[in-house]
Participant: 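Sharing a structure here in structure tokens format.
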Amino acid sequence: MPSSNSNSHDTVRALQWTHGALQVLDQRKLPASIEYDTYDNAAGVTEAIASMRVRGAPAIGIAAAYGVVLAARARYHENPAEWKSLIQADLDRLAASRPTAVNLFWALDRMREVIAGTEGDPEASLLAAALAIHQDDLAANRRMGELGADLLQGSSGVLTHCNTGSLATGGYGTALGVIRSAHARGLQHIYANETRPWLQGARLTVWELDQDRIPATLIADSAAAWLMRSGAVQWVIVGADRIAANGDTANKIGTYSLAVNARHHGVKFMVAAPTSTIDWSIPSGEAIEIEQRDRNELLNEHFRGPDHVIDAWNPVFDVTPAQLVDAIVTERGVVLKPDAESMRALIAH
Ligand code: MRU
């Protein structure tokens, strides 16, 4: 059951820390069934991220932070004198769960800092850090929602890709948070791409919007250019898994093609992401590792097995060059026409 929340247009939560364990809404099973699994060890959390029970860059980072709390509890009880060295293997396994979303590494770095500064039983201080990462993400999303909705003034329709909502974050969502805020201000038409092959749009985004009674229209990914040509949308709004220092943006496969199509049709292109998604260590998107997932997520089962000669290429992210992005919306402000200089200004003050 989706958790209760005072805002009736934001009722879904992917992650909850209760009774000393992490509850994870299994997104592989949505929308057919709504099941929370309970994790009381870091190996389980690592597997939940790798298998995409929890997915979406900010949610991956938050889950990993709670995973560190569980790892520290176990390692401290195993050996109070050596737990800081024992936990390194757990941190490495969490870091290897998915390669592209930088929020994972960002969250693990924050938890490493707390580990370094902790003496005695670490659980309370690490839990406080994980809860802060979770709450800060929700607050950042609400702020981005308002900033992004400001840019949509006068627009009647938007198109989004993948799932960037409460399911993918600490709550409210990044791109879907902007759409949530714009809906509250009267935005009329929300189009959601199906998002093949994993169907984050068809299974997750429309489920989440349905839960919150926000009307939306699902389209096949291949209908996006035709939708833009019809004039029904003025903005494409997406999230990000990693943004390079020059604004190049890695996001769900298909995002790049949407950006090319948007520029061709005079439709604006917005990326909404918290600053925890910006990887200042890489100058451009060329350095971003693109996750390749199992061919069988794509390949029809008919073609599996030794009797067949068909392979599948399944990169699950792509990189959109900053030149195709009109605005990057973060909780610290909006970067219009992103490049290395305008991005730097975001953190200059
Ligand atoms: O493979 P996924 O479902 O984890 O990919 C998610 C996306 O690409 C999202 O657009 C991105 O993480 C931003 S979520 C707020």
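Both ligands and their constituent atoms are indexed starting at 1 by order of listing. All residue numbers refer to positions in the sequence shown, counting from 1.
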Participant: How far is atom 12 (O) of ligand 1 from its nearest protein heavy atom, and which residue and atom is that?
Facilitator: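 Of every protein heavy atom, A57 N, 2.8 Å lies nearest to atom 12 (O) of ligand 1.
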
Participant: Check the pair R304 / D307 against salt bridge (charged side-chain N to carboxylate O under 4.0 Å, His left out), numbers first and verdict last.
Facilitator: CA-CA 8 Å; R304 295 175 200 167; D307 295 342; over 6 Å; no

Participant: List the closest protein heavy-atom neighbour of atom 7 (C) of ligand 1: residue, atom name, distance to the nearest 0.1 Å.
Facilitator: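 Here the closest protein heavy atom is D241 OD1, 3.2 Å.
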
Participant: Under 4.0 Å from any heavy atom of T164, which atoms of ligand 1 are there?
Facilitator: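 Near T164, meaning under 4.0 Å from one of its heavy atoms, ligand 1 has 10 (O), 14 (S), 15 (C).
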
Participant: Have a look at ligand 1 and work out which part of A240, if any, has a heavy atom under 4.0 Å from it: side chain, backbone, both or neither.
Facilitator: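 The answer is the backbone of A240.
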
Participant: So, is G239 polar-close to ligand 1, with some N/O to N/O distance under 3.5 Å?
Facilitator: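 No, G239 has no N/O under 3.5 Å of an N/O on ligand 1.
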
Participant: With respect to C162, determine whether any N or O atom, backbone or side chain, lies less than 3.5 Å from an N or O atom of ligand 1.
Facilitator: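 There is no such contact.
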
Participant: Tell me whether I179 shares a hydrophobic cluster with V271, the cluster being built from Ile, Leu, Val, Met, Phe, Trp, Tyr side chains joined at under 4.5 Å.
Facilitator: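 I179 and V271: separate clusters.
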
Participant: Can you find an N/O atom of R98 closer than 3.5 Å to an N/O atom of ligand 1?
Facilitator: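 N/O-N/O distance under 3.5 Å: yes.
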
Participant: Is it true that T320 and D248 share a donor-acceptor pair across their side chains at a distance under 3.5 Å?
Facilitator: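 T320 and D248 do not have a side-chain donor-acceptor pair below 3.5 Å.
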
Participant: Decide whether an N or O pair under 3.5 Å exists between T174 and ligand 1.
Facilitator: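 Checking ligand 1 against T174, no N or O pair falls under 3.5 Å apart.
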
Participant: At a 4.0 Å threshold, what atoms of ligand 1 neighbour a non-hydrogen atom of M52?
Facilitator: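 Going through ligand 1 atom by atom, the ones under 4.0 Å from M52 are 1 (O), 3 (O).
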
Participant: Considering only the protein, which heavy-atom contact is closest to atom 14 (S) of ligand 1, and what is its distance?
Facilitator: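 Atom 14 (S) of ligand 1 sits closest to the protein heavy atom A168 CB, 3.6 Å.
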
Participant: Counting each atom of ligand 1 from 1 as listed, which ones have a heavy atom of Q200 under 4.0 Å away?
Facilitator: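 Per the distance check, 1 (O), 2 (P), 3 (O).
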
Participant: Between R142 and D10, does any NZ, NE, NH1 or NH2 come within less than 4.0 Å of an OD or OE carboxylate oxygen?
Facilitator: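 R142 and D10: salt-bridged.
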
Participant: Could you grab the distance from atom CG of L126 to atom CD1 of I87, nearest 0.5 Å is fine?
Facilitator: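 The CG atom of L126 sits 6.5 Å away from the CD1 atom of I87.
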
Participant: Before accepting this row, confirm whether a basic side-chain N of the pair D221/R196 lies closer than 4.0 Å to the acidic partner's carboxylate O.
Facilitator: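 Between R196 and D221 there is no salt bridge, as every charged N stays at least 4.0 Å from the carboxylate O atoms.
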
Participant: Tell me the ring pair (Phe, Tyr, Trp, His ring centres under 6.0 Å) pairs involving residues 98-127, sequence neighbours left out?
Facilitator: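 Sorted pair list comes back empty.
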
Participant: Would you call E291 a ligand 1 contact, heavy-atom distance under 4.0 Å?
Facilitator: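 False for this residue.
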
Participant: Y66 vs W17 aromatic rings, parallel, tilted or perpendicular, using cut-offs 30° and 60°?
Facilitator: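 It falls in the parallel class, under 30°.
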
Participant: First locate atom CD1 of I288, then atom OG1 of T100, and finally report the distance between them rounded to the nearest 0.5 Å.
Facilitator: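 Output value for this atom pair is 8.0 Å.
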
Participant: Checking S284 against N246 for the side chain to side chain donor-acceptor pair (under 3.5 Å) test, could you report, in this order, the C-alpha distance in whole Å, the side-chain angles of both residues, the deciding distance, and whether it holds?
Facilitator: CA-CA 6 Å; S284 80; N246 70 345; 4.9 Å; no

Participant: Under 4.0 Å from any heavy atom of F317, which atoms of ligand 1 are there?
Facilitator: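 Within the 4.0 Å cut-off of F317, ligand 1 contributes 1 (O), 5 (O), 8 (O).
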
Participant: Out of all atoms in ligand 1, which are within 4.0 Å of some heavy atom of T169? Include the element for each.
Facilitator: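 In order of number, 15 (C).
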
Participant: Which residue supplies the protein heavy atom nearest to atom 5 (O) of ligand 1, what is that atom called, and how far is it?
Facilitator: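 It is K252 CE, 3.3 Å.
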
Participant: Nearest protein heavy-atom contact for atom 9 (C) of ligand 1: which residue, which atom, what distance?
Facilitator: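 For atom 9 (C) of ligand 1, the nearest protein heavy atom comes out as N251 OD1, 3.4 Å.
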
